[in-house]
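Inspection log for the structure reproduced underneath, given as structure tokens.
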Amino acid sequence: MGLKKILVDAIPAPLVRLFAAPYVSGDSIEAAVATADRVHRERGLLSTIDMLGESIETPEDARRCRDRYLEILEHIRDRPHCTVSLKPTSMGLKQGTRPTLENIEAVVRRARELGRGVTIDMEDRSTVDATLEIYRTLRAQYDNVGTVLQSKLLRTHDDVERLSDVGGRFRICLGAYPEPAEVAYRSKPRMKEALYELALRMLELGYYVELATHDEALLDRILVEAERRRVPKDRFEIQWLLGVPVMRMRDKYARQGVRMRLYVPYCDDWSHATRYLKRRLLLNPSLMTYVLGNLVLRGR
Ligand SMILES: Cc1cc2nc3c(=O)[nH]c(=O)nc-3n(C[C@H](O)[C@H](O)[C@H](O)COP(=O)(O)OP(=O)(O)OC[C@H]3O[C@@H](n4cnc5c(N)ncnc54)[C@H](O)[C@@H]3O)c2cc1C
């Protein structure tokens, strides 16, 4: 990982920005909403809009971020195909759990008034306890809030059981942050096996489950087993990142009547998009080839 990180860090920002084209919807709320409308109209996909904004330094930064989310909500008030996703650190987690809870609650409260959902993204392992505590507190009052669990973390098996008293809506994904072997599976096949086990257990416990993976074989396995267990289709959905090619899967799952949602990031500040893209590149260096191919094809 060391050398890979050094190489990815060395890529100049303008080049990363070039790579960003397929993965980031643009640099305004309007661009994100336009993308969400387009994929809904043309491909029948739902969206969750995310503002890229990490490393919030001060309580004022966090409140500004909260206010931007309140603005996004006004833009999607008449768009039932949209929800929002937000990162706890962008709402002030580095400054403490209490102010973060207050900022996120303001967004969740307004979203509920407008009939929209909010998902609290999960970041690295140091944030998991606080994020789940915030989710737990909010979920007791607001049924429109959900959060994320990462299958690579060993603790997630216990978290799934512990959360059964509050229940609710959970995105399950591998986890995008590098974690040490003491707390996480290091092999991708093992993370995927864990995602399979966790997704089925979450369905069993009655959670609404958001299957966030681009691995078609894994999705197929989960869907076949869910069907065998007669889990109704309104108890789960599939989620993908904007920019990852999923056309064939999308058509297949649409025919099966499965609900699908795209994660649609936009940035107010391109330096945030650069960080997001570098994280994606680190996870998947083959992305570079894919994006270059995409740019060449577009150029034709
Ligand atoms: C909707 C959504 C929300 C997420 N939210 C969070 C979160 O809150 N916290 C968190 O830690 N992580 C989050 N993630 C990231 C997640 O944890 C994984 O890091 C990421 O999804 C890659 O894992 P994968 O299951 O798709 O498997 P992979 O094995 O990485 O991907 C499967 C296949 O998909 C294709 N693929 C995957 N990514 C790309 C790409 N970018 N470009 C082209 N092809 C690609 C490749 O062909 C690859 O072989 C989210 C992912 C999604 C889809």
Side-chain angles (χ1 to χ4, degrees), residues 8 16 19-25 36 39 45-52 54 82-91 93 117-128 131-132 134-135 146-153 155-156 169-179 183-185 187-196 198-199 209-222 236-250 259-265 275-295:
V8 168
V16 176
F19 288 144
Y23 299 97
V24 178
S25 59
V39 298
L45 297 172
L46 307 170
S47 286
T48 187
I49 294 176
D50 164 62
M51 185 179 82
L52 298 172
E54 291 161 90
C82 295
T83 60
V84 295
S85 288
L86 52 82
K87 293 196 169 38
T89 53
S90 72
M91 293 282 155
L93 202 60
V118 178
T119 299
I120 309 172
D121 285 347
M122 191 58 81
E123 299 172 88
D124 69 55
R125 70 185 185 288
S126 70
T127 67
V128 177
T131 303
L132 293 183
I134 290 170
Y135 170 75
T147 191
V148 180
L149 295 169
Q150 299 162 325
S151 72
K152 69 158 59 162
L153 292 183
R155 60 173 287 171
T156 300
R169 176 168 60 82
F170 297 94
R171 176 188 304 151
I172 179 79
C173 61
L174 298 187
Y177 300 82
E179 304 290 6
V183 299
Y185 299 118
S187 106
K188 220 170 190 188
R190 186 62 192 95
M191 292 175 201
K192 290 187 177 181
E193 203 47 40
L195 194 151
Y196 173 81
L198 291 163
V209 182
E210 302 174 342
L211 303 163
T213 175
H214 309 97
D215 185 325
E216 187 172 357
L218 177 58
L219 283 171
D220 280 348
R221 279 181 70 208
I222 297 170
F236 59 89
E237 67 186 47
I238 295 174
Q239 295 189 344
W240 294 308
L241 301 174
L242 178 72
V244 178
V246 292
M247 209 163 357
R248 206 172 50 83
M249 276 198 269
R250 185 205 66 212
R259 194 179 290 161
M260 292 166 282
R261 189 180 303 275
L262 272 196
Y263 189 92
V264 177
R275 266 198 293 280
Y276 173 77
L277 263 291
K278 285 192 171 180
R279 203 164 56 235
R280 303 245 77 77
L281 279 171
L282 261 182
L283 282 168
N284 193 350
S286 62
L287 203 83
M288 202 100 70
T289 332
Y290 160 69
V291 177
L292 280 175
N294 220 9
L295 291 172

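Any value given below was found using the heavy atoms of this structure, including those in side chains, with hydrogens, waters and symmetry copies removed. All ligand and atom numbering here is 1-based and tracks the order in the structure.
Between Y23 and ligand 1, at least one pair of N/O atoms sits closer than 3.5 Å. The distance criterion of under 3.5 Å between nitrogen or oxygen atoms is not met by P245 with respect to ligand 1. Looking at ligand 1, you'll find an N or O of K188 within less than 3.5 Å of one of its N or O atoms.
Selection from V148, L241, L262, T213 by nearest heavy atom to atom 52 (C) of ligand 1 gives L241. Taking each of S151, C173, S85 in turn, the one with a heavy atom nearest to atom 13 (C) of ligand 1 proves to be C173. Evaluated by nearest non-hydrogen atom to atom 53 (C) of ligand 1, the leading choice among Q239, K87, K152 is Q239. Considering only non-hydrogen atoms, atom 3 (C) of ligand 1 lies nearest to R171 out of H214, E216, R171, E237.
Put simply, the side chain of T156 gets close to the backbone of Q150: a donor and an acceptor are under 3.5 Å apart. Of the possible donor and acceptor atoms, one in the side chain of E123 sits under 3.5 Å from a partner among the backbone N and O of T89. Formation of a donor-acceptor pair under 3.5 Å by the K152 side chain with backbone atoms of Y177 is found in this model. Using a distance-only test at 3.5 Å, with no hydrogens or angles considered, no donor-acceptor pair links the side chain of E237 to the main chain of R261.
The atoms of ligand 1 that sit less than 4.0 Å from any heavy atom of D121 are 8 (O). With ligand atoms numbered from 1 in the order given, ligand 1 contributes 1 (C), 3 (C) to contacts under 4.0 Å with heavy atoms of Y263. Taking every heavy atom of A176 and a limit of under 4.0 angstrom, the matching atoms of ligand 1 come to 10 (C), 11 (O), 12 (N), 17 (O), 19 (O). Interface of Q150 with ligand 1, defined as ligand atoms under 4.0 Å from a residue heavy atom, comprises 9 (N), 10 (C), 11 (O). For ligand 1, the atoms closer than 4.0 angstrom to any heavy atom of Y177 are 11 (O).
A side chain to side chain contact (heavy atoms under 4.5 Å, CB included) with T131 holds for exactly one of L93, V148, D121, L149; it is L93.
A salt bridge links E193 to R221: at least one charged side-chain nitrogen sits closer than 4.0 Å to a carboxylate oxygen.
Between L211 and L218, every side-chain heavy-atom pair lies at or beyond the 4.5 Å cut-off. Taking the side chain as every heavy atom from C-beta outward, M51 and L86 never approach each other to under 4.5 Å. A heavy-atom distance below 4.5 Å is found between the side chains of I238 and L219.
At a 4.0 Å heavy-atom cut-off, ligand 1 does not touch E123 at all.
For the ligand labelled ligand 1, residue K192 lies inside the 4.0 Å heavy-atom shell.
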